[in-house]
Amino acid sequence: MDYRVNPGGCLRGQISVPGDKSISHRVVMLGAIADGVTEAEGLLEGADVLATIAAFQSMGVHMEGPDRGHLRIEGVGLRGLRAPSDIIDCGNSGTAMRLLAGLLAGQEFSCTLTGDASLRRRPMGRVLAPLAQMGAAIEAEDGRAPLHIHGRPLQGIHYDLPVASAQVKSAILLAGLYATGDTCVREPAPTRDHSERMLQGFGQPVRVEGAQRCLRSAGHLRGQSLRVPGDISSAAFFLLGASIAPKSDLLLEGVGINPTRTGIVEILTRMGARIDLLRLREVGGEPVADLRVRYAQLRGIDIPTRLVPLAIDEFPAIFIAAAAAEGVTRIRGAEELRVKESDRIAVMAAGLRTLGIAVEELADGAIIHGGVLGGGEVASHGDHRIAMAFAMAGLVARESVRITDCTNVATSFPNFAELARTAGLDLEVQTS
Ligand code: S3P
């Protein structure tokens, strides 16, 4: 499935983006191993989260839904999962695979996790190494999926993360629920803390000791009812589109603004964007706001490296903002982008060059010279966020932009095309 975006237009009105992907995965996981019932509202019904739901159903967890964002989970308790009936397919989802590796390492059964071609190329050694120190027995060839997990008793560890990764931190903390003693993780830079917040909400204390997060298993989790906030990573494409398209004025309702996720707002604001956070409130243990974004002429900046982990999924959008800005934008310290759903540095640089923008690719980032975007055909490489970022580029391109291989947009934002059209993007979905 391809997108074709015709030039012109702007983004206006009021919209709600789907539920947060990271939080949706976590509520399914914790709900499944909690005691009692967990009810989630506003859950993302994207393919990634559906893969996590299917994984727990295959391990004997009964769930109703998801239906219009509602999911009811009958938790089986920490020790209630059964050996899955088949290989667990995590699809395109790194979060599903890495967090499940931690959660399943200490079970009393064996299982296998696999995924699509993109996921099978991504590094899993970063979770396998700390889990092995905890006593896990996980076989993988060359640190890549499929992962064959042989459940073993686990011991707590103190682990210094070599890369700032919320997925690795979360995998270790989830394994810690099944371990003896304390499990502590120290991160080199702050990363999203949804696991810590949600564990607390489910009655499992997580201690914050400087850059270290520690837990000692309470032996059980308590089922919860919670609402999932809108995903700032999905809102990011609309923050981008409305910032670059003249006459835009858009309100995004109910977006999660957890400070470990708002790097995109800070980066765009430093570039000159007009973004207001309105009606600040708390939803499901997470801060939420309505975001109003209006057109503004953006300027190139040097992106502070401390903001990289806080905007890690938003770089496809940031590359486009930089291309539409006046002047030069420098991205450094972002080598993690090379191991996302695609090599996002290489794929964004190639796509922008196709549209006539000068980009110097660096090992850990890029230097982007803002300019006038032309039209052309851009390959998304099956990466959902690359597809959505280039769709928004179409707002300011001189000619139409065709983006190929957009099916995976459904992993995180199933109604993207519809919502973008509602807001004013001239987007056609083409199936061949
Ligand atoms: C996620 C963490 C991030 C992010 C991913 C979701 C999570 O990955 O890129 O989309 O839910 O924990 P890393 O922690 O590997 O950077």
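Any value given below was found using the heavy atoms of this structure, including those in side chains, with hydrogens, waters and symmetry copies removed. Numbering of ligands and ligand atoms starts at 1, following listing order.
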_One residue to check: Arg192. Relative to ligand 1, which of side chain, backbone, both or neither has a non-hydrogen atom less than 4.0 Å away?_
side chain
_Does Asp142 form a salt bridge (Lys or Arg N to Asp or Glu O under 4.0 Å) with Arg120? I'd like the steps, not just the answer._
CA-CA 11 Å; Asp142 194 24; Arg120 281 184 275 113; over 6 Å; no
*Aromatic rings Phe237 and Phe416: how do their planes relate, parallel, tilted or perpendicular, breaks at 30° and 60°?*
perpendicular
*May I ask you to test the Ile264-Ser233 pair for a side-chain heavy-atom distance under 4.5 Å?*
no
_Heavy atoms of other groups near Glu141 CD, more than 12 under 6.0 Å_ = no
*asked:* Within ligand 1, which atoms have a heavy atom of Ser22 less than 4.0 Å away?
replied: 1 (C), 6 (C), 7 (C), 11 (O)
*Near Ile312, which atoms of ligand 1 are under 4.0 Å from a heavy atom of that residue?*
9 (O)
*When you measure from atom 6 (C) of ligand 1 to each heavy atom in Thr260, Thr95, Ile23, which option holds the nearest one?*
Thr95
*Just checking, any donor-acceptor pair under 3.5 angstrom between side chains of Glu64 and His70?*
no
_Just to be sure I read this right, does ligand 1 sit under 4.0 Å from the backbone of His194, its side chain, both, or neither, counting only heavy atoms?_
neither
*Any nitrogen or oxygen of Arg126, main chain or side chain, under 3.5 Å from a nitrogen or oxygen of ligand 1?*
no
_Proximal atoms of ligand 1 relative to Asp313 (non-hydrogen, under 4.0 Å)_ = 4 (C), 5 (C), 9 (O), 10 (O)
*Does any donor atom in the side chain of Thr191 or Lys169 lie under 3.5 Å from an acceptor atom in the other side chain?*
yes
*asked:* Please determine whether a side-chain nitrogen of the Lys or Arg among Lys340 and Asp383 lies less than 4.0 Å from a carboxylate oxygen of the Asp or Glu.
replied: no
*Hey, is Arg26 one of the residues with a heavy atom under 4.0 angstrom from ligand 1?*
yes
*Within a distance under 4.0 Å of any heavy atom of Ala166, pick out the atoms of ligand 1 and give their elements.*
12 (O), 14 (O)
_Going by the closest heavy atom to atom 15 (O) of ligand 1, which one wins out of Ser195, Ser165, Pro123?_
Ser165
*Using heavy atoms and a threshold below 4.0 Å, how should the contact between Lys340 and ligand 1 be classified: side chain, backbone, both, or neither?*
side chain
*Under 4.0 Å between a Lys/Arg side-chain N and an Asp/Glu carboxylate O for Asp193 and Arg213?*
no
